[in-house]
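Report on one structure; see the data block that follows.
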Amino acid sequence: MKSSYIPMTGEQQDAMLAAVGVNSVEELFSAIPEELRLKEDLDIPAPLSEYELKKHMMALSQQNFDSSWNLCFLGAGIYDHFIPSAVKHITSRQEFYTAYTPYQPEISQGVLQSIFEYQTMISELSGMDAANASLYDGATALYEAVLLAVRHTDRKEVLIARSVNPEYRKVLYSGLKYSGIIIKEIEFYTSTVEDKKSGTLDFDRLQSEINENTAAVVIQSPNFFGIIEDIKSASQKAREAGALMIAVCDPISLGVLESPGALGADIAVGEAQPLGNPMNFGGPLLGYFAVKSPYIRRMPGRIAGQTTDSEGRRGFVLTLQAREQHIRREKATSNICTNQALCALTATVYLSLMGRKGLKEVARQCIDKSYYTYRALLESGQADKVFNAPFFREFVVKPKTDPELLNDVLLAEGIIGGYDLSKEYPELEGCWLVAVTEKRTKDEIDMFVRKVSSICQGGLQK
Amino acid sequence: MKSSYIPMTGEQQDAMLAAVGVNSVEELFSAIPEELRLKEDLDIPAPLSEYELKKHMMALSQQNFDSSWNLCFLGAGIYDHFIPSAVKHITSRQEFYTAYTPYQPEISQGVLQSIFEYQTMISELSGMDAANASLYDGATALYEAVLLAVRHTDRKEVLIARSVNPEYRKVLYSGLKYSGIIIKEIEFYTSTVEDKKSGTLDFDRLQSEINENTAAVVIQSPNFFGIIEDIKSASQKAREAGALMIAVCDPISLGVLESPGALGADIAVGEAQPLGNPMNFGGPLLGYFAVKSPYIRRMPGRIAGQTTDSEGRRGFVLTLQAREQHIRREKATSNICTNQALCALTATVYLSLMGRKGLKEVARQCIDKSYYTYRALLESGQADKVFNAPFFREFVVKPKTDPELLNDVLLAEGIIGGYDLSKEYPELEGCWLVAVTEKRTKDEIDMFVRKVSSICQGGLQK
Amino acid sequence: MIRDERLIFEKSVPGRIGFTLPANDVPEVDLTETFGEGVLRSSGPEIPEVSEVDVIRHYTNLSRRNYGVDSGFYPLGSCTMKYNPKINEDIASIDGFSQMHPLQNPMSAQGCLEIFYRMDKYLAEILGMERVTLQPAAGAQGEMTGLMIIKAYHMSRYDEKRVKIIVPDSSHGTNPASAALAGFEVVQIPSDEKGCVDMTALEEILDDTVAGLMLTNPNTLGLFEENILKISEMVHKCGGLLYYDGANMNAIMGIARPGDMGFDIAHVNLHKTFSTPHGGGGPGSGPIGVVKELVPFLPVPVIEKQDDYYVLDYDRPLSIGKVKSFYGNFSVVLKAFSYIMMMGPQGLKSASQAAVLNANYIRKKLEDLYDIPYNRICMHEFVLSADRQAQKGVTALDIAKNLLDEGYHPPTVYFPLIVHETMMIEPTETESPETLDAFVETMRRIAQLAETDPEGLKHAPKNTYVTRLDEVKAARNPVLRWRP
Amino acid sequence: MIRDERLIFEKSVPGRIGFTLPANDVPEVDLTETFGEGVLRSSGPEIPEVSEVDVIRHYTNLSRRNYGVDSGFYPLGSCTMKYNPKINEDIASIDGFSQMHPLQNPMSAQGCLEIFYRMDKYLAEILGMERVTLQPAAGAQGEMTGLMIIKAYHMSRYDEKRVKIIVPDSSHGTNPASAALAGFEVVQIPSDEKGCVDMTALEEILDDTVAGLMLTNPNTLGLFEENILKISEMVHKCGGLLYYDGANMNAIMGIARPGDMGFDIAHVNLHKTFSTPHGGGGPGSGPIGVVKELVPFLPVPVIEKQDDYYVLDYDRPLSIGKVKSFYGNFSVVLKAFSYIMMMGPQGLKSASQAAVLNANYIRKKLEDLYDIPYNRICMHEFVLSADRQAQKGVTALDIAKNLLDEGYHPPTVYFPLIVHETMMIEPTETESPETLDAFVETMRRIAQLAETDPEGLKHAPKNTYVTRLDEVKAARNPVLRWRP
Ligand SMILES: Cc1ncc(COP(=O)(O)O)c(C=O)c1O
Ligand SMILES: Cc1ncc(COP(=O)(O)O)c(C=O)c1O
């Protein structure tokens, strides 16, 4: 057993086998029926040494066009924000990252207190009374929120804005497919391009669909097009119908935008990757989940709570466990067990470093820079307006060249272009969703706009 | 005072000024004569934010041809060895790297014990009775060793092999320039290329220079040409003359080569960078310093020693401080204060990971791969033999093309070539010192040899 | 240890900053003008205002109140807390991986896709399955995915009456919870006196309303289900599918494969068996493998190789859709991939062998002082009962808390539910015999103290940052967030 | 805290491995045939045989027995233990820097050379000097380099009788030690009642045998030498040079410059003033700046810019040569460079201002309970005396050990040597007022206890991993290495 990760030496193995009272390692496996025991080695590659592995992985990474050397204008739910170096210095503390879920609170106060702080920050951002310790991602958080609403209201219909992130909707549809829950999509409003409401939730449709069967209304703000929705009015409508209001909100935007809680939402969920977590090709992400007090005991997942130790000192434990699978089994509020604790810690450290001011500044720069880009693109005459509502960090335009083609050319020049909306919204054929974070400089944006317009002027077509 | 590294807020500043009883920050500096107080800002660049800094530094790093993407065949005292990932995971523990010298032993057992372990490992490698906690580099370690010998013997002449690393000799000469200590260089032996002794210390010259004024004999093994010297005979000569024997030894080579201690040396010094420390463009390095017992109290620098605490438990402290500058001031054995503790920790962790077997394996592969390269170069017919003595990791050949020119062409192809010996040894005009560590694969070596011979065949001349 | 009980919020000072950002170099947008009334935040958020040094000290000191595998022995049964090789962390931090956006053109992400593709192949081989999806973010999500596939499979055959999922009473809580969530009726069957599935009970329950059976093998008692071939034959015969909860794969890598046992779907927890760190509660990764027949139902996208390129295949009409956004916890997969690459076939097998030997060694060394309900050769873990000690008033929980004082993370307690005063011990292969001996000695000393001085064991832990915490109080009056 | 008192050697098990290396893919050399008799190692080395997890746990746990700036307040006078920004660590780990060989063709190392070149310029500006060498690895080596330059300067003028270096009695030990090492005779002069250089004593000693004067300003009492212009005039007049020990530069960045004060040579400790971490005792970096006249004497190579390229200039006939191999502690320089780039002119000045304000604040808050020998506005640090407490039997050392129990690193004790029971307190600018207040409160409580319960203070520390260690025993019977 020669491996730097298996300390047992040959001699020790013999001694241990003797202590156990077997003659060979094979004997330990005699409970496995003979015909099931593999006769040959697994067909996987021969082992590499650490240095060979490193070279191999470096070579693989070089097949990727990453955002450290390409300029990223792609968002659509995952964002390329600046991450202070101190974040990783904390999350790479071994006591944090090599621990399991804090089942033994007395030696887990580090993780537990950090979760408690995380819950507080998420509650603050979202204007809610409580948050859980994290879920897998924004999409599954939404799925859990819908389940909560259905159970709470004992109703079976859910109204969801079509401008909610398509990934989230897909996860929701798969998860609810055989649940008997009916999901209805509410279109976004479109009339003329100049209409300030275009791209936002179509309230008339909402009005006509909402009724006493509605368990929840789900909207996202900023929505998938970057546009800010009227959570307040939607909440009112939901409340009137006895449904819960679920708002999907970007946490960075909450540095400057009013919290969903203050606007009347009952549940706020979303993707907290932008809070200090690298994009990581889409995972791990960080689903946050926050509620008003009536729903606390219906929340899914881990929750840390404050208590005292036998000497009266403040301490933290996992609490309200009666909701959870290891106690309630099939009656649990959710099946989640392992969540995204380290990503939650990352968000907590990120928020601590940025602080109230820094978060506002990031949000502010996202607005300024995305507006600057938006206007420059329109002014270039090579991209058309699509919507006219206020947006955050991300906007839709219709360039003269097909987005897919445009992206290909941009990539060759070191730019990761926007998102081709036609993939998910056939009605938005030719539309391009462009994200601009605080990381982009004016020079980079100017170059981007120049390149886009020169490509469009070149008249490339599919 | 707006800085993320200065927590004092404006309000707090006012309160503190009031508490101190001054009206302004300026008043705090009133002891500084008016004419000395700067009227203008320092002429250094305006501050960058963290992200800007990172981009700036990445751009600077890209001006460099580093060994992560170029193949390094350069050695000459600094070596490109494999460093296990775990090393950095330990040395980046903040409790280690943000600590000062362990003046308060009760809260510094981490550093102190690691130094004690380091001293043990260095003593083991070098076959000595004790080692200190580190010196700046191999060169200054040699300088300190010579001072020790001069003081101990009360003699003023030092004999040093010309095959000792030129950097070391330069530091020695500068340091001793006005000391009254006379340094004599002993040539290396050269007769025919085939002579097994060529490239090693010329014992006849040593014999003729050594006498009752000799404080120390200094040789290096493997010497600057990679060649293994006869420390045993040199030690005998030194002992006969009443001089101390100082051996400069590469620590990796000591995985397979006999220790200087066992061969009769009194003091062993050298560069321990190869033990897990990155090359870092030459700094920080790690000077090790080890002695036989009679010289322990004459050692320079910090030394950790074992003791017990008030409850009888084992613990470690800085000891034999009566040698040091903070106690003895001008009578100290050395002026060293800050040393290379973190590099020593690095070496300790590296050695623990590699273990006895791993260290031997590294040494073994260095031998096998350097011999393979050496033979292939000679067989190519494009490089001539220069010496014929056994070597370790590094060897001298005389390629058909001038080394400097050769290196330039190789660099363009992603290879960092060997060391041009003519820089320091005019008598070795056209000679090339090539180092091959365990990191080089057969394929890389074959490619290297192919390139070298095709360049030489191309007949490039200066 | 430095006592500083404040929360980060309690260290906040108005106006203090811990961030630096480039100055805004574009014109400022007038917020109120642009967004109008009521859109902008009227107050808060109360995010702390602290400096970088505050943050670093706060969380560094918090970390020191935590215990990880790197702190010491962590025999938490069912969790496979093996050592996490450091190189894997470094690899996951490479910019070329961590700075990849999931929606980039796949041609610009060939490195990521190749890793997914190869990982699919490697895990399929290890599990004995046809294909693997890496989308699930954890074991429980793997289960959910598997159950959705079971549902989709039966529905695709218009076999709509299959509403039941069978789980043994020894199963992990996520199993019934996932089954319920996937819309199934959960039927629990008892274990027999040998700790395995009760074959008569199984026989009785099997009919055409059974959609499938979930099993972990070795089971949560650490015992290999010797009747597994019989079981799978029975379940298959009645038209059901078999789901393998792979939390215990660390016992049998390279030794036996769920696919060969007759399982149709199997998940593995990369954060257990494949040594990715658990992060204090995630992120994990729970890929599932399926047999050939079920491949069409896998979540989209499936990563395929076309000519020399890797592509995302979304065009799969029978697919259950998506269970999570994008493709899975890539950076976790990356670490597990690196682990497999370093272990190779022999290494994985050795790991399982050593894991099993270690568990048996501890079992043997404790069998005289503790009750071991199923005392025969176990797999990678085993269950003991503190019943004997409990009679003296020393519960499994007390023993656990005493272990804290001795510098150990305790075994899992009170799971599986079918054993009284359970302690589930899983040493893993990365622990040395010396560590096992020291732990055994401690466990023996505790057992002796339970005889001689039971009262003395009731007050642990004493050496920890906090002493025993009042969980009842926490649940009764939930304080879930700090308030200004 | 986990108690494991074993050394790594005591965890060794024959045959255990913690490394992996690529398999050797070239033919094996026959060692004995190649090297002959007596060249190969006959025994040892006794390097431990442990696994990666052993190593990680061992050193992780060792780290937990250590205290750094990231653990808490570290007011170690003269050492400027300011917070070390994390970004600097990341920058120093960039492969493009850390994997550079010093002997590469300078054209392939332009990034490194640019950093050296610009750092030379920045430090020259901060010090008010003409050029700076980054070669010295620490403050003491900077001193040595400076003294070698002083020697070389006088010798170049055939002024051979200058054999004396003057140092104040308050100077740091490295000053006289360096001077002696450089071959000078060390003459110590007393401080006056104000804590500054005694002008009469200086006057008396100055003659044509004086090579130079070494001074730190503010001095080690934290006081600015108000007569500095007078002093430098006097020394220069008699033909001597002035050396500035820059350990205390943190008081005056952007506020005053040694060059303007009349110093000819000045070092700075990058590991103090410029925030590079101290590493538990290094590596540091002690660049020195010199006035124009002394530039020719700087160590080789000097980094110069020729056209658009940076080159290494070795062709400097008057150079003192080399004091260290290569060009200096590059990766330390890199961190300090990053620090300067992030602070900018205003930031450096603010740092010094805050450092000075913090020191004065603590001084003020302690002046009633402790003796403060030179109680006036101080610079970035000040010295108190525990004389009053010592009369009750509580020494400065006792106070220090009590601070350990309270979670602080104590101030420097028993230095400078001219004050009884000295405690030298340097808070630095990176500490918050709240931290200072908490420290002050602790110091006050200790002072009160010294009155009411002096005996109670004699047994500290109690909360540390080990209690008070027997230093006498260590020195009397030196055990400097483990033996198998
Ligand atoms: C047997 C078993 N099944 C399933 C799970 C759930 O896995 P996860 O926590 O990754 O969701 C666990 C984890 O504790 C387990 O031990
Ligand atoms: C005043 C003073 N001078 C010189 C030094 C020596 O510096 P270094 O430790 O970097 O050699 C120190 C460091 O302690 C110091 O405080």
Side-chain angles (χ1 to χ4, degrees), chain A residues 1 7 20 31 36 41-42 47 60-61 63-68 90 93-95 98-99 101 106-107 109-111 120 123-124 130 136 139 167 170 174 278 280-284 305-307 309-310 315 319 325-326 329-330 332 335 337-342 352-356 358 372 442, chain C residues 18-19 25-26 29 45 47 49 55 59 62-63 65-70 91 94-96 98-100 102 108 110-112 137-138 140 173 176-178 180 183 186 224 256 279-284 321-322 325-326 329-331 344-345 350 360 432 464 466-467 469-470 474 479-482:
Chain A
M1 301 193 176
V20 171
L36 285 180
D41 278 353
L42 289 171
L60 280 171
S61 78
Q63 309 283 315
N64 289 332
F65 289 58
D66 74 79
S67 288
S68 74
I90 293 299
R93 291 278 306 176
Q94 296 139 267
E95 293 93 332
T98 74
T101 302
E106 296 87 354
I107 52 167
Q109 287 300 297
V111 163
T120 304
S123 303
E124 272 298 320
Y136 305 134
E167 288 278 324
K170 283 181 200 164
S174 314
N280 271 330
F281 201 52
Q306 182 176 313
T307 187
D309 75 359
S310 62
T319 192
Q325 45 76 25
H326 62 287
R329 299 179 66 86
E330 66 273 19
N335 69 335
C337 180
T338 292
N339 54 19
Q340 305 288 113
L342 200 69
S352 302
L353 285 165
M354 300 310 285
R356 191 173 163 163
Y372 177 76
K442 180 172 177 303
Chain C
F19 75 99
D25 55 0
V26 302
V29 167
I47 302 300
E49 299 178 73
V55 174
Y59 291 104
L62 274 191
S63 79
R65 296 173 205 159
N66 226 63
Y67 186 102
V69 170
D70 286 1
I91 283 169
I94 295 172
D95 279 343
S98 68
Q99 301 222 37
M100 289 294 290
S108 71
Q110 289 292 303
C112 292
S178 301
V186 178
F224 196 86
K322 287 181 92 44
S325 39
F326 312 114
N329 280 348
F330 175 68
S331 84
S350 297
N360 278 289
S432 66
T464 45
V466 288
T467 54
L469 289 156
D470 188 344
V479 179
L480 309 183
R481 54 163 296 185
W482 173 83

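The shown structure was predicted, so the numbers you read here are calculated from the model rather than taken from an experiment. Residue numbering restarts at 1 for every chain, and letters A, B, ... go by the order of the sequence lines.
Ranked by heavy-atom pairs under 4.5 Å with chain C, the first of T101(A), D41(A), T120(A) is T120(A). For the options S67(A), A139(A), P278(A), heavy-atom pairs under 4.5 Å to chain C are most numerous at S67(A). Most heavy-atom pairs under 4.5 Å with chain A, from the set P176(C), G68(C), G18(C): that is P176(C). Looking only at heavy-atom pairs under 4.5 Å with chain C, the residue among C337(A), G358(A), A130(A), P284(A) that has the most is P284(A). In terms of non-hydrogen atom pairs under 4.5 Å with chain A, the most contact-rich of A137(C), S108(C), S331(C), S178(C) is S108(C). The greatest number of non-hydrogen atom pairs below 4.5 Å with chain A, out of V55(C), D25(C), V186(C), is found for D25(C). Top candidate by heavy-atom pairs under 4.5 Å with chain C, chosen from Q63(A), M354(A), E330(A), is E330(A). Highest contact tally toward chain C, considering only A99(A), G282(A), G355(A), is held by A99(A) [criterion: heavy-atom pairs under 4.5 Å].
By the ring pair (Phe, Tyr, Trp, His ring centres under 6.0 Å) test, F281(A) pairs with Y327(C), F330(C), sequence neighbours left out. The ring pair (Phe, Tyr, Trp, His ring centres under 6.0 Å) test applied to F65(A) returns W69(A), not counting sequence neighbours.
Not one N or O on the side chain of S63(C) forms a donor-acceptor pair closer than 3.5 Å with the backbone of E95(A). Remark: side-chain polar atoms of N64(A) are paired, donor with acceptor, to backbone N or O of G96(C) under 3.5 angstrom. A donor-acceptor contact shorter than 3.5 Å is absent between the side chain of S432(C) and the backbone of P7(A). Here the side chain of D470(C) pairs no donor or acceptor atom with the backbone of T307(A) at under 3.5 angstrom. Looking at T464(C), its side chain never comes within 3.5 Å of a backbone N or O of I107(A) through a donor-acceptor pair. Looking only at distances, no side-chain donor or acceptor of E49(C) sits under 3.5 Å from a matching main-chain atom of R356(A). Panel note: side chain T98(A), backbone V69(C); a donor-acceptor pair is recorded below 3.5 Å.
For K442(A) against V26(C), the heavy-atom pair with the smallest separation is CB-CG1, 3.9 Å. When every heavy atom of P345(C) is checked against every heavy atom of P47(A), the shortest pair comes out as CD-CD, 4.4 Å. Scanning all heavy atoms of the two residues, the minimum distance from A177(C) to A332(A) falls at CB-CB, 4.3 Å. Scanning all heavy atoms of the two residues, the minimum distance from Q99(C) to S68(A) falls at NE2-CB, 3.7 Å. Annotation for L342(A) and P283(C): closest pair CB-CD, 3.8 Å, computed over non-hydrogen atoms. The two residues G305(A) and L480(C) have their closest heavy-atom pair at CA-CD2, 4.0 Å.
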Start with the C-alpha distance between D66(A) and I94(C), add both sets of side-chain angles, then the distance that settles side-chain contact (heavy atoms from CB on, under 4.5 Å), and finish with yes or no. CA-CA 10 Å; D66(A) 74 79; I94(C) 295 172; over 6 Å; no
Let me see the working for Q340(A) and N329(C) under side-chain contact (heavy atoms from CB on, under 4.5 Å), right down to the final yes or no. CA-CA 10 Å; Q340(A) 305 288 113; N329(C) 280 348; 3.7 Å; yes
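With a 4.5 angstrom heavy-atom cutoff, I91(C) touches chain A only via side-chain atoms. For I90(A), the part lying near chain C is the side chain, with the backbone staying farther off; criterion is any non-hydrogen pair under 4.5 Å.
Summarising the geometry, atom CG belonging to N280(A) is positioned 12.0 Å from atom CZ belonging to F326(C); distances are rounded to the nearest 0.5 Å. For the atom pair OG (S123(A)) and CZ (R481(C)), the distance works out to 5.0 Å, reported to the nearest 0.5 Å. Note that CZ of R65(C) is 8.0 Å distant from CD of Q109(A), once rounded to the nearest 0.5 Å. Here OG1 of T319(A) is found 11.0 Å from CG of L469(C). Values are rounded to the nearest 0.5 Å.
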